[in-house]
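Here's the structure, in structure tokens; my notes come after.
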Amino acid sequence: MGDDADAVAGVKIDVFWDEGMVKHDTGIGVFDTGMEVGFLEVLEKHPENSDRVRNMVSILKKGPISPYISWKSGRSALVSELLSFHTPGYVNELLEADKEGGKVLCAGTFLNPGSWDAALLAAGTTLSAMKHLLDGHGKVAYALVRPPGHHAQPSQADGYCFLNNAGLAVQLALDSGCKKVAVIDIDVHYGNGTAEGFYRSNKVLTISLHMNHGSWGPSHPQSGSIDELGEGEGYGYNLNIPLPNGTGDKGYICAFNELVVPSIEKFGPNMIVLVAGQDSSAFDPNGRQCLTMDGYREIGRLVHVLAKSQSDGRLLIVQEGGYHITYSAYCLHATLEGVLNLPITLLSDPLGWYPEDETFSVKVIESIKNYQKDKVPFWRNS
């Protein structure tokens, strides 16, 4: 009851946003290839386009959650700040690509005129959101940013991502005195870049729930499988939860209750970062999972409870994927309703209830749990 009363009494989410991020133009073509094959009359925009975030901004400004939102300005990151996560050689590659007018960095990932400025804004805006929390100016901050970042590794681009926004924010927290940071990534794709950046660290627990897509080539060598547990001091601090295609609300909540929540409670972070992608929804063109607004709302609530118990309520949310122009905005709204722990549902689901048989996903989750208990040190010692 106390948490509900807090939400109703005026607890707000500080949303960090800058209009300059819409200037990243990913073009048109056949899905994300940028190719015009010549036999299609209507070509769609690249899935990672500005329309998706325009709707997210709009629903937070005009939707029923708007009284709970406080808007903050973003900023561009300094090149020197990027070196806390990325290698100098990679940053120089991006700078040169921008000077030369653009470059295809890997499949589907186009640095076009205006893209570098947008990427710097996304990184700097996320850093500002984290600093806002570190300086004690708020409890929950949301970096509404694009281009996304969680596939960007220290030395290469991947999956529409140039700079790892969440990874830069995590490193800022560590550099500012946080002893432990937990990352929960619910994007439908493995957060391989963030994992790679902290793969040898026992100060960052990275947890990724994703569809079981495996590696997709040289830019994404990581498979996202359960045996990618980290290396050296970081062994056991990268937990992958590859969920079977078609996993919906019940399966995701089971994974949270059986794997995410107890792992974070054992780790004991003093900062939590939720890497939020709405491409895990039932209607996303870039994923094969079946979350609905109800599932996102409950995930938000579970993360709220974790933040209250582990990190003094401090929670940074970083925007990643989500490519259904309308439904992604609705699922974001639901996630933030959950993070606020509101006692009532503010916005109903326009696409309705999605049927789910969670039997298979629950079996997979149980097998992952048994594997982690056998392999992960902080599970074996309990």
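Since the structure is predicted, the reported quantities are computational estimates derived from the model, not experimental observations.
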From CA spacing to verdict: side chain to side chain contact (heavy atoms under 4.5 Å, CB included), H210, V188: CA-CA 5 Å; H210 46 267; V188 81; 6.0 Å; no
Decide, yes or no, whether a salt bridge links [X] with [Y] under the criterion of side-chain N to carboxylate O below 4.0 Å.
X: E231; Y: R200; result: yes
X: K23; Y: D117; result: no
X: E81; Y: R75; result: yes
X: K103; Y: E93; result: yes
X: D312; Y: K139; result: yes
X: E366; Y: K369; result: no
X: E320; Y: R146; result: no

With a 6.0 Å cut-off on the ring centroids, do W116 and H24 count as close?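 When the ring centroids of W116 and H24 are compared, they turn out to be at least 6.0 Å apart.
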Centre-to-centre under 6.0 Å for F162 and F110, is that the case here?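 Not close enough - the centres of the two rings lie 6.0 Å or further apart.
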Inter-residue atom distance [X].[atom1] - [Y].[atom2], 0.5 Å rounding:
X: L332; Y: R52; atom1: CG; atom2: CZ; value: 10.5 Å
X: M130; Y: S176; atom1: CE; atom2: OG; value: 8.5 Å
X: T292; Y: Y296; atom1: OG1; atom2: OH; value: 9.0 Å
X: M21; Y: S115; atom1: CE; atom2: OG; value: 13.5 Å
X: M211; Y: D187; atom1: CE; atom2: CG; value: 9.0 Å
X: I299; Y: I186; atom1: CD1; atom2: CD1; value: 4.5 Å

Derivation of the side chain to side chain contact (heavy atoms under 4.5 Å, CB included) call for N257 and I253: CA-CA 6 Å; N257 287 327; I253 300 311; 3.5 Å; yes
Side-chain heavy-atom pair S281, Y330 within 4.5 angstrom cut-off: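 S281 does not reach Y330 side chain to side chain.
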Just by distance, do the side chain of [X] and the backbone of [Y] share a donor-acceptor pair under 3.5 Å?
X: D32; Y: H46; result: no
X: E228; Y: S223; result: yes
X: H304; Y: G313; result: no
X: E48; Y: G321; result: no
X: Y190; Y: L209; result: no
X: Q153; Y: E196; result: no
X: S328; Y: I325; result: no
X: T335; Y: G300; result: no
X: E356; Y: G251; result: yes
X: Q289; Y: A282; result: no

When clusters are formed by joining ILVMFWY residues with side-chain heavy atoms under 4.5 Å apart, either directly or through shared neighbours, do [X] and [Y] land in the same one?
X: V104; Y: L163; result: no
X: F360; Y: Y252; result: yes
X: L144; Y: L133; result: yes
X: L239; Y: L274; result: yes
X: L121; Y: L95; result: yes

With a cut-off of 6.0 Å (strictly less than), are more than 12 heavy atoms of other residues, nucleotides or ligands near [atom1] of [X]?
X: E233; atom1: CD; answer: no
X: Y371; atom1: OH; answer: yes
X: E44; atom1: CD; answer: no

Quick one about [Y] and [X] (side-chain donor to acceptor, distance below 3.5 Å, no hydrogens or angles considered), yes or no?
X: N245; Y: N212; value: no
X: T206; Y: N238; value: yes
X: N49; Y: Y323; value: no
X: D175; Y: Q171; value: yes

Using the ring of each side chain (for Trp, its six-membered ring), is [X] parallel, tilted or perpendicular to [Y], with breaks at 30° and 60°?
X: F267; Y: F378; result: tilted
X: F283; Y: H324; result: perpendicular
X: H137; Y: H132; result: tilted

Would you mind telling me which of H150, H189, H151 makes a ring pair (Phe, Tyr, Trp, His ring centres under 6.0 Å) with H220?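 Of H150, H189, H151, ring pair (Phe, Tyr, Trp, His ring centres under 6.0 Å) with H220 is met by H151 alone.
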Walk me through whether Y142 and Q319 qualify under side chain to side chain donor-acceptor pair (under 3.5 Å). CA-CA 8 Å; Y142 168 40; Q319 182 60 44; 2.7 Å; yes
H86 and N164: side chain to side chain donor-acceptor pair (under 3.5 Å), yes or no, with the steps? CA-CA 8 Å; H86 293 288; N164 196 306; over 6 Å; no
Nearest heavy-atom neighbours spanning R301 and E298: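 Closest approach of R301 to E298: NH2-OE2, 2.8 Å.
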Can you name the nearest heavy-atom pair linking N165 to A122, along with the distance?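 Where N165 meets A122 most closely, the heavy atoms are OD1-C, 3.5 Å.
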Ring-face cation contact, W71 with K61, 6.0 Å cut, 45° max: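 Yes; both conditions hold, so K61 lies above the ring face of W71.
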I'd like to know whether W379 forms a side chain to side chain donor-acceptor pair (under 3.5 Å) with D374, so could you lay out the CA-CA distance, the side-chain angles of the two residues, the decisive distance to 0.1 Å, and finally the verdict. CA-CA 8 Å; W379 273 107; D374 181 56; over 6 Å; no
Hey, mind stepping through V260 and I184 against side chain to side chain contact (heavy atoms under 4.5 Å, CB included) and telling me if it holds? CA-CA 8 Å; V260 178; I184 307 168; 4.1 Å; yes
As a quick check of understanding, evaluate side chain to side chain donor-acceptor pair (under 3.5 Å) for S208 and N240, giving each step before the final call. CA-CA 5 Å; S208 178; N240 291 333; 5.0 Å; no
Carefully, step by step, assess F85 and F198 under the rule ring pair (Phe, Tyr, Trp, His ring centres under 6.0 Å). CA-CA 9 Å; F85 186 91; F198 302 105; 5.7 Å; yes
For a side chain to side chain contact (heavy atoms under 4.5 Å, CB included) check, start with the C-alpha distance between T126 and L168, then their side-chain angles and the critical distance, and finish with the verdict. CA-CA 8 Å; T126 308; L168 289 162; over 6 Å; no
Derivation of the salt bridge (charged side-chain N to carboxylate O under 4.0 Å, His left out) call for E358 and K363: CA-CA 9 Å; E358 75 273 24; K363 287 183 179 179; over 6 Å; no
